[in-house]
Each structure stands twice: as structure tokens, then as C-alpha cells.
Amino acid sequence: MRLVIARCSVDYAGRLTAHLPSAPRLILVKADGSVSIHADDRAYKPLNWMSPPCTLKESYDGGDGEAGIWTVINKAGEKLIITMEEILHDSSHELGVDPGLIKDGVEAHLQELLADRIETLGEGWTLVRREYPTAIGPVDILCRDSDGATVAVEIKRRGEIDGVEQLTRYLELLNRDPHLAPVKGIFAAQEIKPQARVLANDRGIDCVVLDYDALRGIEDDKLRLF
């Protein structure tokens with residue numbers, strides 16, 4: 001991973017245009033080729049980014065501060081143009097293979113139970129795979145509904161806004177795959193916070209409340225779909 005702290009401005013040209021005026025920012029270039037621009041707020045969410053596969057071309061004017069232009073282009077021809085005014089820090093680090101997130105017992109078991117009983121989401125639904133791999137992490141469950149449409153399911157013990165954001169990123173990536181698109185999303189949890197439900201509905205993501213005991217066959221095995 002390469003970490004660059006620089007005073008820069010950023011322009012995105014693609015399906016729409018966007019501009020970030022000059023300011024100090026953190027730029028991450030990951031081993032998978034992705035490039036993301038961060039401010040000193042917004043938690044983990046970048047101000048702008050380019051997902052892989054993409055290419056990065058760097059050009060400099062030869063000054064002491066290494067001012068110049070970075071151009072990031074993806075396979076669709078969209079461009080992220082980073083105009084460097086001054087580079088304050090530039091370092092690279094080898095992180096190696098990440099072991100991945102270890103889910104807590106309840107969350108992992110919910111995933112296993114729902115995968116085994118995927119028809120509880122709807123009659124005629126079929127499982128494609130648990131832990132479906134993507135460049136930004138595995139999707140909990142990938143399945144198909146009764147019409148054959150692809151559905152990505154993100155499972156949490158407690159459903160909050162960050163879980164909806166995570167599923168949104170998965171959907172954006174999966175919908176770039178012509179063999180899967182269009183891909184719908186389901187946010188499933190034992191409890192879903194009101195703010196998370198509002199955000200999910202706004203993004204066209206269905207919410208499912210999971211009953212752990214019901215999935216285990218202890219009680220009525222119906223899910224509530226809202």
C-alpha cells in the first residue's frame with residue numbers, strides 16, 4: 001500500500017463530473033490498483049475513488065515539492081485527475097495477505113443458517129455461494145430470486161448505517177460484472193436501526209429482520225420483509 005499526503009485538487013470525469021478544490025488530503029494506492037482520496041473526517045469513506053481495474057499515470061514538473069498530475073483511468077474510460085501542488089509525505093508498505101474479518105459466532109451462524117434455508121427469502125430462490133469474493137471483500141451471500149435475478153445479501157447481528165454502506169459498495173462493484181448485473185441488495189440483521197432502514201430504502205435495498213431461533217427451527221420460521 002502506498003500512502004501519499006499532499007495538497008491537491010481532484011477532478012472526476014465520467015458519468016458525471018465532480019471537483020474537489022485544493023486542500024491537504026490523504027491518497028491511498030492499494031495493491032489491487034484502487035486509488036482513493038480521503039479527508040481528515042468522514043470515518044472510512046473516501047471523498048472520491050477509482051475501483052480496480054484501473055491504471056495510474058504520474059507526471060511531475062520537476063520542482064522541489066514534486067507538483068504534477070496523477071491521472072487514474074478505469075476500463076470504462078472514466079478519469080480521476082489529481083493535481084498535486086505539494087507532496088508532504090510519500091511512503092509504501094507491504095501489508096501481505098489479510099486473513100479477513102472474523103465474524104462473531106451469531107453473525108457467522110446466521111449466514112450459515114440463511115444459506116442453508118435460502119428459500120425463506122422467497123419461494124424458488126437459490127444459493128449461488130456464501131462468502132462470494134470481490135476485490136473489496138467477500139459478500140456474505142450471493143443468490144438468485146425466483147426470476148433468476150442476482151441478489152447480494154449482507155448479514156449483520158445489528159444492522160446500522162455502516163452495514164448499508166458496505167452493501168452499497170458491494171452492489172456498485174457487482175453491477176459492473178455483465179454476468180451478474182443487474183444485482184439487487186438485501187440487508188439482513190436481527191435488529192435494524194431506523195436510520196439504516198431509511199438509508200437502505202433510499203438506495204433501493206430491501207431490509208430483512210432475521211429471527212435467529214426461527215432459522216434454527218425453534219420457532220415460526222418466517223422472515224419479516226419490509
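These numbers come from a predicted model, not from an experiment.
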Heavy-atom closest pair (Ile205 atom, Phe187 atom, distance to 0.1 Å) is CG2-N, 3.8 Å
Of all heavy-atom pairs linking Met50 and Lys79, the shortest is CE-C, 3.7 Å
Besides Ile81, the hydrophobic cluster formed by Ile, Leu, Val, Met, Phe, Trp and Tyr side chains linked at under 4.5 Å, directly or via other members, contains Ile69
Here the pair of heavy atoms bringing Ser51 nearest to Ser34 is CA-CB, 4.5 Å
>> Run Asp140 and Leu110 through side-chain contact (heavy atoms from CB on, under 4.5 Å) and show every step you take.
In response: CA-CA 10 Å; Asp140 286 338; Leu110 281 170; over 6 Å; no
- Task: Without swapping roles, check the side chain of Asn175 against the backbone of Val183 for a donor-acceptor pair under 3.5 Å.
- Result: yes
- Item | Side-chain heavy atoms of Pro24 within contact of Arg7, under 4.5 Å | yes
Worksheet item: Is there a donor-acceptor pair closer than 3.5 Å between any side-chain N or O of Thr168 and the backbone N or O of Val164?
Response: yes
Are Glu165 and Leu199 packed together at the side-chain level, in the sense that at least one heavy-atom pair is separated by less than 4.5 angstrom? yes
- prompt: For Ser146 and Glu123, what are the C-alpha separation, side-chain angles and deciding distance, and is it a side-chain contact (heavy atoms from CB on, under 4.5 Å)?
  reply: CA-CA 7 Å; Ser146 57; Glu123 185 177 352; over 6 Å; no
- prompt: Can Leu173 be reached from Ile73 by stepping across I, L, V, M, F, W or Y side chains whose heavy atoms are under 4.5 Å apart?
  reply: no
Would one find more than 12 heavy atoms of other residues, nucleotides or ligands at under 6.0 Å from atom CG of Asp41? yes
CD (Glu119) and CG (Asp116) are apart, to the nearest 0.5 Å, by 9.0 Å
**Prompt:** Got a donor-acceptor contact below 3.5 angstrom from the Asn74 side chain to the Ala76 backbone?
**Reply:** yes
**Study point:** Backbone of Arg197 reached by a side-chain donor or acceptor of Asn201 within 3.5 Å
**Key:** yes
In this structure, CZ of Arg144 is separated from OG1 of Thr150 (nearest 0.5 Å) by 3.5 Å
Rounding to 0.5 Å, atoms CG (Leu20) and CG (Asp11) come to a distance of 8.0 Å
query = Are His109 and Arg157 side-chain neighbours, meaning at least one heavy-atom pair lies under 4.5 Å?
reply = no
>> Before you tell me yes or no, could you show the steps for Val208 and Val153 under side-chain contact (heavy atoms from CB on, under 4.5 Å), namely the whole-Å CA-CA distance, both residues' side-chain angles and the distance that decides it to 0.1 Å?
In response: CA-CA 10 Å; Val208 171; Val153 184; over 6 Å; no
Ala31 meets the side chain to side chain contact (heavy atoms under 4.5 Å, CB included) criterion, sequence neighbours left out, with none
Pairwise side-chain contact, Val151 with Asp206, heavy-atom cut-off 4.5 Å (strictly under): no
Shortest non-hydrogen pair, Met84 vs Ala6, comes out as SD-CB, 3.6 Å
Would you call Ile161 and Lys193 a side-chain contact if the rule is heavy atoms closer than 4.5 Å? no
key: Under-4.0 Å salt bridge between Arg129 and Glu131   = no
Practice problem: Give a yes or no answer on whether the side chain of Tyr12 reaches the backbone of Trp49 with a donor-acceptor pair at less than 3.5 Å. | Solution: no
In this structure, CG of Leu180 is separated from OG1 of Thr134 (nearest 0.5 Å) by 11.0 Å
One should read off an interatomic distance between Gln190 CD and Ile155 CD1, to the nearest 0.5 angstrom, of 10.5 Å
Are any of the side-chain heavy atoms of Thr55 and Lys57 separated by less than 4.5 Å? no
Interatomic distance, CD1@Ile186 vs CD@Glu154, rounded to 0.5 Å, equals 12.0 Å
The complete set of salt bridge (Lys or Arg N to Asp or Glu O under 4.0 Å) pairs with one or both residues in residues 167-177, sequence neighbours excluded, reads Glu172-Arg176
Residues Ile118 and Trp125: closest non-hydrogen pair is CG2-O, 3.6 Å
Heavy-atom closest pair (Cys54 atom, Val72 atom, distance to 0.1 Å) is SG-CG1, 3.9 Å
Q. Taking the side chain as C-beta and beyond, is there a heavy-atom pair between Val29 and Val4 under 4.5 Å?
A. no
ask   = Hey, any chance Leu171 and Val198 share a hydrophobic cluster, counting ILVMFWY side chains that come within less than 4.5 Å of each other, even indirectly?
value = no
Within-4.5 Å side-chain heavy-atom neighbours: Asp145 and Lys184: yes
